[in-house]
Amino acid sequence: MHPHEQVLREFYRAFSARDAEAMARCYHREVAFSDPVFPMLRGEDAGDMWRMLLARAADLEVTLDEAGADAEGGQARWTARYTFTRTGRRVVNRVGAMFAFRDGLIVRHYDSFSFWRWARQALGPAGWLLGWLPPLRWKVRRDADRGLRAFQERRPRRREDSSSG
């Protein structure tokens, strides 16, 4: 197994075990993450997004359906099953992921899934009717970003953050 595939499998093992710190250790310090809800997170913001999501999701189940990687990059297919806390609705989200690596760690992580399918499950009739419209996507992105910023404000500063400046 290529070392990059080992990193991917460790990332999803940690995800399934709800270990956000182990997930963040798989990321390079210059990581860039993107998905339909968080269009671009860089560095610590990417790790904090996983910390926030895992802290919120009481019943999250993650399965790695397929993964592979080599010197050029990697890909994975995974499934998340959880209750969307705002509506109490059950979600099964099938995600495709692509990765690039630097220094043996993930430096680019792009997750893709059908926003409309997710919105239909998470938001119910409103998501079914409006999930394909950009304004709903913008609202979900804005709310997610606000949630991440609030999570970061409440989170104790990491040692390396407090020693700078």
Side-chain angles (χ1 to χ4, degrees), residues 1-86 90-115 118 122 140-165:
M1 180 183 305
H2 193 280
H4 292 161
E5 183 173 340
Q6 290 176 327
V7 170
L8 285 185
R9 291 188 180 278
E10 172 58 21
F11 180 85
Y12 287 103
R13 184 213 57 77
F15 196 1
S16 182
R18 303 171 57 87
D19 185 348
E21 297 309 316
M23 292 173 73
R25 285 192 298 272
C26 294
Y27 277 164
H28 190 278
R29 62 184 164 77
E30 296 176 2
V31 68
F33 172 87
S34 178
D35 77 1
V37 174
F38 291 97
M40 183 52 64
L41 297 174
R42 296 185 184 277
E44 280 295 314
D45 287 350
D48 283 347
M49 182 264 309
W50 294 118
R51 290 176 184 101
M52 176 188 73
L53 292 178
L54 290 176
R56 287 181 175 179
D59 64 348
L60 175 69
E61 297 172 30
V62 173
T63 55
L64 178 61
D65 303 315
E66 180 181 334
D70 57 25
E72 301 299 315
Q75 70 285 327
R77 285 187 320 104
W78 58 278
T79 304
R81 293 171 177 82
Y82 61 95
T83 301
F84 187 62
T85 54
R86 283 197 172 171
R90 192 76 177 147
V91 173
V92 177
N93 200 18
R94 289 172 176 48
V95 182
M98 296 186 311
F99 301 88
F101 300 87
R102 184 184 305 156
D103 303 328
L105 298 171
I106 299 165
V107 71
R108 298 286 179 269
H109 179 175
Y110 175 72
D111 277 352
S112 62
F113 56 87
S114 167
F115 183 84
W118 173 86
V140 168
R141 286 178 176 173
R142 185 178 61 246
D143 291 351
D145 185 66
R146 286 179 181 158
L148 178 58
R149 301 302 160 216
F151 175 82
Q152 289 172 318
E153 287 175 12
R154 290 188 307 269
R155 190 167 178 258
R157 291 178 59 100
R158 294 168 292 282
R159 182 188 311 239
E160 61 270 19
D161 291 344
S162 59
S163 64
S164 61

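Count residues from 1 along the sequence.
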Colleague: Going by the rule salt bridge (charged side-chain N to carboxylate O under 4.0 Å, His left out), which residues pair with Asp143 if we only count those two or more places apart in sequence or in a different chain?
Modeller: Arg86, Lys139
Colleague: Taking the side chain as C-beta and beyond, is there a heavy-atom pair between Phe38 and Asp45 under 4.5 Å?
Modeller: no
Colleague: Are the side chain of Ser34 and the backbone N or O of Pro39 linked by a donor-acceptor pair below 3.5 Å?
Modeller: yes
Colleague: With a 4.5 Å cut-off on side-chain heavy atoms, are Met23 and Leu54 touching?
Modeller: yes
Colleague: Is the closest side-chain heavy-atom distance between Leu60 and Phe15 below 4.5 Å?
Modeller: yes
Colleague: Salt-bridge test for Arg51 and Asp48: reply yes if a basic N is under 4.0 Å from a carboxylate O, no otherwise.
Modeller: yes
Colleague: Heavy atoms, side chains only, cut-off 4.5 Å: are Trp50 and Phe11 in contact?
Modeller: yes
Colleague: Specify the closest pair of heavy atoms between Ala14 and Ala22, including all atoms of both residues, with the distance to one decimal.
Modeller: CB-CB, 3.6 Å
Colleague: Is a donor from one side chain sitting under 3.5 angstrom from an acceptor on the other, for Gln152 and Arg149?
Modeller: yes
Colleague: Can you tell me which residue pairs pass the side-chain hydrogen bond (donor to acceptor under 3.5 Å, both in side chains) test with a partner in residues 97-110, sequence neighbours excluded?
Modeller: Tyr27-His109, His28-Asp103, Glu30-Arg102, His109-Asp111
Colleague: Using 4.0 Å as the upper bound for N to carboxylate O, is an ion pair formed by Glu21 and Arg25?
Modeller: no
Colleague: Arg77 side chain to Glu66 main-chain N or O, any donor-acceptor pair under 3.5 Å?
Modeller: no
Colleague: Please list, chain by chain and in numerical order, all residues satisfying ring-ring contact (aromatic ring centres under 6.0 Å, His included) with Tyr82, sequence neighbours excluded.
Modeller: none
Colleague: Any Lys/Arg nitrogen of Arg141 or Asp35 sitting under 4.0 Å from an Asp/Glu carboxylate oxygen of the other?
Modeller: no
Colleague: Which heavy atom of Phe84 sits nearest to which heavy atom of Ala122, and what is that distance?
Modeller: CD2-O, 3.5 Å
Colleague: Ala32 and Met40: which non-hydrogen atoms are nearest, and at how many Å?
Modeller: CB-SD, 3.8 Å
Colleague: Quick one: does Phe113's side chain get under 4.5 Å of Val37's, heavy atoms only?
Modeller: yes
Colleague: Taking C-beta and beyond as the side chain, do Leu8 and Phe101 meet within less than 4.5 Å on heavy atoms?
Modeller: yes
Colleague: If we only count heavy atoms from C-beta on, is the Phe99 to Val7 side-chain gap below 4.5 Å?
Modeller: no
Colleague: Look at the side chain of Arg81 and the backbone N and O of Thr63, then say whether any donor-acceptor pair between them is shorter than 3.5 Å.
Modeller: no
Colleague: Going by the rule salt bridge (charged side-chain N to carboxylate O under 4.0 Å, His left out), which residues pair with Arg13 if we only count those two or more places apart in sequence or in a different chain?
Modeller: Glu10
Colleague: Got a sec, which residues hit salt bridge (charged side-chain N to carboxylate O under 4.0 Å, His left out) with Glu72, two or more places apart in sequence or on another chain?
Modeller: none
Colleague: How long is the straight-line distance from CE of Met1 back to CG of Asp70, given to the nearest 0.5 Å?
Modeller: 13.0 Å
Colleague: Partners of Arg142 by salt bridge (charged side-chain N to carboxylate O under 4.0 Å, His left out), sequence neighbours excluded?
Modeller: none
